[in-house]
There are 2 protein chains.
Amino acid sequence: MPVDRKPDDRPVRTITDLAKLAGVSPGTVSRALAGNSLVNDKTREKIEAIAREHGFRPNQMASRLRRQRTGVIGVIIPLGHEQKQQVSDTFFLTLLGHLADELTEKGYDLMLRRVVPASDEDWLDPFIGSGMIDGVIVVGQSDQFNHLEEVADGYRPMVVWGQHREGQRHCVVGSDNLLGGKLAMQRLVAAGAKRMAFVGDTNAPEFAARYSGANQVAQSFGLTLSELPAHLATSGMTTEVATLMEKAVGNYDGLFAATDLLALACLGELRKLGRNVPEDMKIVGFDDLPIAQQTAPPLTTIRQDIAGGARAIVQLLLRRIAGEETESIVMPPTLVVRGTA
Amino acid sequence: MPVDRKPDDRPVRTITDLAKLAGVSPGTVSRALAGNSLVNDKTREKIEAIAREHGFRPNQMASRLRRQRTGVIGVIIPLGHEQKQQVSDTFFLTLLGHLADELTEKGYDLMLRRVVPASDEDWLDPFIGSGMIDGVIVVGQSDQFNHLEEVADGYRPMVVWGQHREGQRHCVVGSDNLLGGKLAMQRLVAAGAKRMAFVGDTNAPEFAARYSGANQVAQSFGLTLSELPAHLATSGMTTEVATLMEKAVGNYDGLFAATDLLALACLGELRKLGRNVPEDMKIVGFDDLPIAQQTAPPLTTIRQDIAGGARAIVQLLLRRIAGEETESIVMPPTLVVRGTA
DNA sequence: ATGAAAGCGCTAACAC
DNA sequence: GTGTTAGCGCTTTCAT
């Protein structure tokens, strides 16, 4: 039963073709191309020459099937709490870029998948069980914390970017969002704000922790922190924030935005409303994206070390693939004081 | 020669295991799970039940090897002209996000690779010839136009995002950069600018076309357009632009930035130098990234339809995979007038 | 140092 | 409708 395939006129498609041309066995070609075995130098050179001449590349599918390792790391972005959000949130994409860089450097390829997990659905297992990837990086916990816990019990080579909870079972790398929230609130208070609001969606664990940290500090000063629930969907965000800002003006004098993007939107809308930042309203963001330096006034924010996070994720994952156990890593964020608070 | 592997206690790992449990042959299981063949309903249900119970997923590596199709599209980002640039340029990443969305929707997975092609190096062939992907999307031509032409002669399922040149052989989707440049310059002139400069690196074909279009219009008005070569590497960009802006002040009153990111940097640096936009300096950007709305003043820019581009790329690629010939697509950009010019 | 051969797990003729 | 079987292209013992 010949596999039906387009006739390929390339004379040397398989290692066997090449072997015939070189007058050796397929095994020898495999060894020569792999480089590691002890093949006669002349034989190797000859094989390499032919391979180069014909632009031959060993079929990775076959190689990987045989070796039971794929050289591919899956990166999956669950978008549960933000149905509308595309894979286009700047922060995720920046992290993704760094992950690509790190993985490439380590010789792995990166397979990207975006999912909108329905509450009862298996979105992770098909990816993990597909035999296509050696390990998986989950970017953001979304509202899938419990599901991640379950999966982690049966599947070791997984590292998640997100929020760490005491005693959790899945390996996570992320910022200390509680601390970040505290730093943000301390700054707002130091800048003289009295009536504060958190702008963001506290359904995501990361954001909930940011709120919580900020709230703790607020209470310690005898102040309160309101919630202005705003979502990140790129399309609706601006109008949503516009509405929030109309209400916020006069009621608050300090905003802690869950992300820089949100902070930026607040800044823009407040300007439209004729309010001055930081005079009428102090603002602190979160992430320290490159644009935070370029706004007017430049954004006071909490910096997450995205590149460092990517490095840590990949490092932990490779250790897990090698069979090691690993701890989670919580990275301390830092306050960057600029012009908005 | 048993492949050495960790002992897997999962009772049903292969289609054959499952077949034994179900009391049928592997072939039947394969058919049942594939869904398409005519399998007895009872048999199918039984097989599906067992599969679900044991969390069984057919090994994709084997399936793909056998079927000679991978269900994976490669996305590769060549970074030739920007050695330092990571995969973190906002525009590329936004496009990448949309590509991920489109491909996911069509049932394809996305394999991401970042390369820094040395001038003489084969960076595309290894990816194409790896047998891991059914087709490839190249995001940006970088300085590899000629190489892409060569590859296109021998490999059909490839679509490139970038600049279209008359008579080129590789299939490309991209904006009409020449037109974009013209629109930008027309706006600068209409806004009253007299001494203009283009901020960007004209080694990339896209940028060269933007410059060229702008230059044509400038000349038609008897004006000249200088070049301020600035690179996109996220790290060095700000300082580089800072130097350029110091020189620019007083010499120019209108800037056409190759990208919004560059325009943003110009805006920021000019503010630091105490100059007002648009009074002292008109600025037009390119891309219309979401942040362009949020700057102060909001950025006048040339909009590229990134989502539409992604859709077109995927559509063309799938047609090429199916064996069709396809034309290139050039999309008209539009001028978005905001506050900077 | 090289050849021979047995699969990796799955699919699709082909036969019944 | 289901079983049988011959590979997809590669790697790796085992034998020489």
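Reminder, nothing fancy here: chain letters follow the sequence lines and each chain counts from 1. Note: hydrogens, waters and symmetry copies are ignored here, and every other heavy atom, side chains too, is used.
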| After noting the C-alpha distance and the side-chain angles of B:Arg320 and B:Glu325, does the key distance pass the salt bridge (Lys or Arg N to Asp or Glu O under 4.0 Å) rule? | CA-CA 6 Å; B:Arg320 295 193 138 249; B:Glu325 251 339 278; 3.3 Å; yes

| said: My understanding is that only residues two or more places apart in sequence, or in another chain, count here; which of them pass side-chain contact (heavy atoms from CB on, under 4.5 Å) with B:Thr43? | reply: B:Val24, B:Thr28, B:Val39, B:Asn40, B:Ile47

| message | If the condition is side-chain contact (heavy atoms from CB on, under 4.5 Å), which residues does A:Arg311 pass it with, not counting sequence neighbours? | response | A:Glu102, A:Ala307

In this structure, how many angstroms lie between the [atom2] atom of [N] and the [atom1] atom of [X], rounded?
X        : N      : atom1 : atom2 : result
A:Arg66  : D:dG7  : CZ    : P     : 19 Å
A:Lys46  : C:dT2  : NZ    : C1'   : 13 Å
A:Lys20  : D:dG9  : NZ    : P     : 12 Å
B:Met132 : D:dC10 : CE    : C1'   : 15 Å
A:Glu45  : C:dA1  : CD    : C1'   : 15 Å
B:Ile15  : C:dC8  : CD1   : P     : 14 Å
B:Arg69  : C:dT11 : CZ    : P     : 12 Å
A:Met61  : D:dT11 : CE    : P     : 14 Å

| said: Using a heavy-atom cut-off of 4.0 Å across all strands, would you classify A:Thr14 as base, sugar-phosphate, or nothing? | reply: sugar-phosphate

| Closest to side chain of B:Arg13, choosing from D:dG3, C:dG9, D:dG1 | C:dG9

| How large an angle, rounded to 10°, do the end axes of the helix from C:dA1-D:dT16 to C:dC16-D:dG1 enclose when each is built from five base pairs? | 30°

| task | Applying ring pair (Phe, Tyr, Trp, His ring centres under 6.0 Å), name anything that partners B:Phe145, two or more places apart in sequence or on another chain. | result | B:His170

| Residue list, ring pair (Phe, Tyr, Trp, His ring centres under 6.0 Å) with A:Tyr108, at least two apart or on another chain | none

| request: Kindly write out the residues that satisfy salt bridge (Lys or Arg N to Asp or Glu O under 4.0 Å) with A:Arg169, not counting sequence neighbours, or none if the list is empty. | output: A:Glu149, A:Asp153

| said: Regarding C:dG3, can its base be found pairing with the side chain of A:Arg31 as donor and acceptor, where the two atoms are less than 3.5 Å apart? | reply: yes

| said: Tell me whether the side-chain N/O atoms of B:Ser63 come closer than 4.0 Å to OP1 or OP2 in C:dT11. | reply: yes

| said: Applying salt bridge (Lys or Arg N to Asp or Glu O under 4.0 Å) to A:Asp101 and B:Arg114, what does each step give before you reach the verdict? | reply: CA-CA 7 Å; A:Asp101 290 338; B:Arg114 163 201 161 250; 2.9 Å; yes

| field | Most 5' of A:Asp41 and B:Arg64 on DNA chain C, judged by nearest nucleotide | value | A:Asp41

